[in-house]
Amino acid sequence: MTAYLVYTPEILIMISALLALLFDVLDSKKLAGGIAIILNLVALVIILGWSGITGSILSLPQSGGHGLFYFSLFGYMFQIIFIIVTVSVELTTLDFSEYNGIFYALIEFALTGMMIVAISGDMVILILGLELAGISTYILTGYIRKSELSVEAAMKYYIIGSISSSLTIFGLSILYGVTGTTSLWLLNLHAGYSYIPKNNPLLYLGFSFIIAGLGFKIAMAPFHMWAPDVYQGAPSPVSAFLAAGSKTMGFMAMFIIFLSAIFYFAPNLSLLFGFFAILTMTTGNILAIKQRNIKRMLAYSSIANAGYILIAFSVDTPLAVAGGMFQIFSHAIMKVGAFIVVAVVSVFGVGESITDYKGLAKEHSLLALSFAIMLLSLAGVPPLMGFMSKFVLFSGAVQAGGWYILLAIAGVLNSALSLYYYARIVKYMYIDNPEPGKHKNKKISMPIYSYISIFVLVVIIVAVGIYPSPIIGYFIHIASQYMVWR
Amino acid sequence: MDTLLFVLIPVFPIIAFLVIAFLGNSMKESGGYVALVMELISFIISIYMFVGVLTVPSYSVDKYMIWFSLSHGPTFEIGMLIDGFTAIMIFIVNLVGFLVILYSLGYMHADPGLARYYAEISLFIAVMNGLVLSDNLFELFIFWELVGLCSYLLIGFWYRKPEAAKAAKKAFLVTRVGDVMLLFGMIILLYQSHTPLALNFNQLYSWAATSKFSSAELTTLTAATFLVFGGAMGKSAQFPLHVWLPDAMEGPTTVSALIHAATMVKAGVFLIVRMMPLLQYTPATELIIAVIGGFTAFFAATMGLVAPDIKRVLAYSTISQLGYMFLALGAGSAGAAMYHLMSHAFFKALLFLAAGSVIHAVNTQDLHKMGGLFTKMKITAVTMLIGGLSLSGIPPFSGFFSKDLILDVVLQKGLNNPVYMVLYILAVLTVLLTAFYMFRLWFLAFMGKPRGYDEKHVHESPGVMVVPLIILAIFATFSWMFLLLPSFSQILGISLSLNIPTMLIGVSLGLVGIYVSYMLYSAGIPKKFTSVVMKQIHNILYRKYWFDEVYGAFSIYIIYGFAKLVSMFDKYIIDGVIDGIAAGGVMLSSSLYPIGKGLVKNYVTLIISGLIITFILLIYVSPFLYGGGI
């Protein structure tokens with residue numbers, strides 16, 4: 001029995017999904033959301049205990065294989081991100097009447113899938129997790145059935161998602177054919193890749209399929225086209241979940257499959273990821289400049305961030321991987337926060353066009369301040385978290401030397417370019433006057449839960465930015481622990 | 001002592017700043033009370049620190065936490081270094097800070113920008129405390145810049161007045177010259193020292209004490225310490241970066257008392273006190289400090305002789321007294337400098353607040369329009385007299401003891417080194433000038449007959465303004481008694497030993513200065529000088545040696561010309577490139593925009609082509625680039 005205790009967080013989250021379904025029948029939305037949040041937080045506390053952050057309250061093996069699963073600090077870190085993102089999104093939706101129990105059930109199912117991906121030690125489990133999360137998010141995207149945009153986005157997301165899933169699965173099957181094992185942790189931690197001849201073209205075919213398939217999840221150019229359409233069409237809380245949660249899951253999967261593979265097939269894979277890193281960040285930033293819709297702009301910014309994070313895959317040293325994880329963490333926090341602000345200001349009658357944000361600071365100073373902090377952090381302005389994570393990531397590339405320095409330079413230039421479209425929103429909010437007829441203050445109840453989640457996220461952004469030392473140390477610790485094969 | 005308690009010293013003023021900054025407009029006058037109460041708490045904690053350190057004179061604790069570290073580089077930390085110097089400085093800052101806020105309740109009454117004033121003053125006190133508590137140069141530099149910012153904001157507090165806005169800008173720019181030097185000095189020190197904790201004071205000391213410097217390394221260290229002193233020159237208004245301080249008098253008088261007399265301008269002295277263990281290895285820098293300090297003391301005092309503005313006289317006096325402190329530092333005595341810093345903080349804050357009381361009454365800063373105020377403002381006049389006697393070095397006021405200590409230290413050094421002997425003579429002459437300009441001010445303001453102000457409305461200032469004057473007067477008179485405490489002397493490494501000859505020289509010159517000014521000014525403004533030489537001297541001093549003109553010409557013709565050139569480069573080359581990138585980005589953005597057209601089939605086509613590109617890159621391109629591979 002005790003052997004199953006290691007699955008407690010996943011089981012808790014699964015239970016919360018089922019309870020949410022039950023409460024949906026009873027038509028008790030607040031209860032469904034509340035219980036989901038509470039169970040998620042319980043799971044979070046357990047994982048924090050295991051990962052040694054809050055001290056070991058529950059002494060279970062910190063890492064080790066359990067057949068199909070593999071538990072590590074690395075996986076726990078990602079689970080922590082997933083839960084923070086989910087809880088923030090759920091808190092926000094408590095303020096909106098259109099989300100009922102089904103919504104919480106779906107989002108909890110998606111979270112279960114993500115949690116499974118984080119602890120998967122086997123290709124089969126990985127696919128299971130990816131699909132569980134994927135299918136739930138397809139439905140979530142089309143959650144507002146009456147909105148044409150939402151349904152169209154869901155349809156696009158579903159079709160392209162299915163194609164990409166099939167690519168991933170096909171790639172994994174080729175990998176199985178070449179290596180003879182479906183066990184990812186055998187490949188990763190027991191040097192499984194090192195037994196495979198380096199010049200096996202079939203292996204590279206498999207890698208190509210997996211990169212194309214997972215490239216969809218992380219919105220890597222040129223597999224990124226769906227992201228703006230879907231983020232725009234989906235309800236804002238769902239966009240937050242996709243940009244911060246689903247993308248992070250894609251990175252987790254890529255880390256599991258590729259982290260040691262890059263080391264063994266070094267020049268080829270490393271160069272490929274470097275190429276995609278520059279392509280993705282440049283595409284994302286350049287296209288973001290032109291966007292008039294705030295959600296599309298955030299989508300492109302999310303694509304650009306995927307480009308930064310890919311630097312970690314290309315460089316593949318402990319410091320760079322730690323920087324990549326830090327960037328994933330900070331991107332998730334900032335992006336979920338930004339989409340939540342977009343969701344909240346829509347309550348006050350602010351539209352989705354970026355010009356609607358003109359003069360926001362005059363009427364909603366707290367929201368505008370939070371949004372400005374998030375955007376400036378995304379742009380990498382010190383002393384906020386986004387600056388620190390980029391700083392660690394780029395120093396990882398610089399420290400590795402050689403042509404990796406080019407990646408750091410591309411990253412810095414791109415950050416400079418990105419400041420343009422982030423700072424433009426800040427300027428709109430603080431300097432410009434509102435356009436006449438906009439900002440009609442509808443009589444509504446205060447979105448108090450959203451304020452709580454925004455507040456917590458802003459505190460994280462500022463606190464980690466000012467005092468990043470422990471978190472950087474922790475990420476470096478995890479990265480070097482995970483990369484034991486070196 | 002619970003060291004962690006001291007973290008709270010800057011925290012309470014920060015709370016006051018946040019509360020007033022966010023709620024101030026609805027609080028009006030009560031913002032002042034928030035600032036006062038918060039500062040009172042900080043003041044009480046700093047008394048606790050002061051007393052605690054006095055009971056354990058060798059107390060020195062460095063509490064820090066790692067801020068961030070890079071695996072192959074310096075570790076940056078933030079922390080507090082608490083020792084005797086910290087405790088004395090913290091005590092001064094919070095005592096004067098508290099009294100100034102109390103005084104402001106009366107002085108700034110009904111000013112429209114009241115909330116801004118209290119918010120900025122609270123912020124200043126917080127960052128000044130942070131500066132004093134810093135345990136490394138990097139952290140100190142951050143607070144150094146923040147106090148500079150607060151100084152800028154408060155000088156320009158009445159920003160609608162063009163002179164105030166101009167003075168604020170000038171202060172900011174001139175001190176910036178020093179800050180750049182300090183920054184370069186820090187960078188050199190950082191790379192030279194390689195201490196585990198970047199620029200931590202204690203580690204710098206032990207690094208300097210344990211390493212055997214080669215002559216090249218000593219040259220580097222001399223450059224570093226000189227550049228650090230450059231920062232102090234800017235902040236403490238030493239020649240030739242002194243020009244901003246007289247103009248800074250455009251700010252409210254309370255700001256002049258707190259920032260430009262008692263605390264911020266002392267930050268330069270405090271920085272050099274912190275650097276003393278390094279300076280002992282670089283006698284060249286010590287000599288430069290002594291020369292600049294000694295010269296500034298004399299030079300500023302000469303300009304103070306003729307200044308017509310009551311606050312500007314005090315500003316020149318501040319520059320001159322700061323020169324004394326640097327002279328003591330250059331002579332190798334941190335204790336004498338620190339002790340003069342303390343007594344100067346009390347009597348100069350007193351003089352400024354008394355001057356503020358006068359300005360409050362007569363609504364002018366021009367000494368020529370005052371006169372005869374003694375009978376109308378007895379408390380102000382008497383407290384200002386005490387401050388003036390203390391400044392002039394007349395016993396038994398504290399200024400006498402502190403100035404005597406400095407003269408003594410310089411004389412001892414001068415017995416072996418002729419340069420210091422010259423500096424000693426300059427310093428002694430300055431005593432004469434100091435007494436003269438101080439009593440010129442006092443006689444012009446309080447004696448003689450009224451010269452054109454509204455006599456009916458002149459009365460003594462309200463209680464909240466008078467009480468701080470009395471408290472400061474008590475400190476200005478009796479703070480020498482601290483030296484009677486063995487532990488206090490032990491912290492500063494000085495003792496109350498009177499060297500009779502130097503003392504007699506100092507006191508007699510001070511009395512001569514007072515007597516001359518009494519002869520000239522006690523009955524009012526004397527007639528114009530008749531001798532051509534005196535006229536010329538008066539003119540030179542009055543025009544401040546044409547420093548403003550020279551600097552103005554320098555900045556217009558050389559700096560501005562250079563800036564023009566750089567600006568051309570910036571405009572046509574750099575901006576061209578950047579605008580080009582931006583325009584290219586926007587163009588590319590527009591041209592890429594329609595790709596896909598939102599159609600799923602196009603997206604899928606792109607995905608498949610991406611897949612093919614990936615495969616081709618992996619199989620063909622990478623091996624081609626690297627040779628080998630597949």
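In what follows, every chain begins at residue 1, and chains take the letters A, B, ... in the order their sequences are listed.
- Aromatic ring orientation, A:H477 versus A:Y474: tilted (interplanar angle from 30° to 60°).
- Interface remark: A:F276 contributes side-chain atoms only to the contact with chain B (heavy atom separation under 4.5 Å).
- Between B:F76 and B:F138, the two ring planes are tilted [angle within 30° to 60°].
- Residue A:L205 touches chain B through both its backbone and its side chain, counting heavy-atom pairs closer than 4.5 Å.
- With a 4.5 angstrom heavy-atom cutoff, A:S365 does not touch chain B via any of its atoms.
- Defined by atom type and a distance below 3.5 Å, a donor-acceptor pair is present between the side-chain atoms of A:N285 and A:Y421.
- Between the side chains of B:N200 and B:D62, at least one donor N or O lies within less than 3.5 Å of an accepting N or O.
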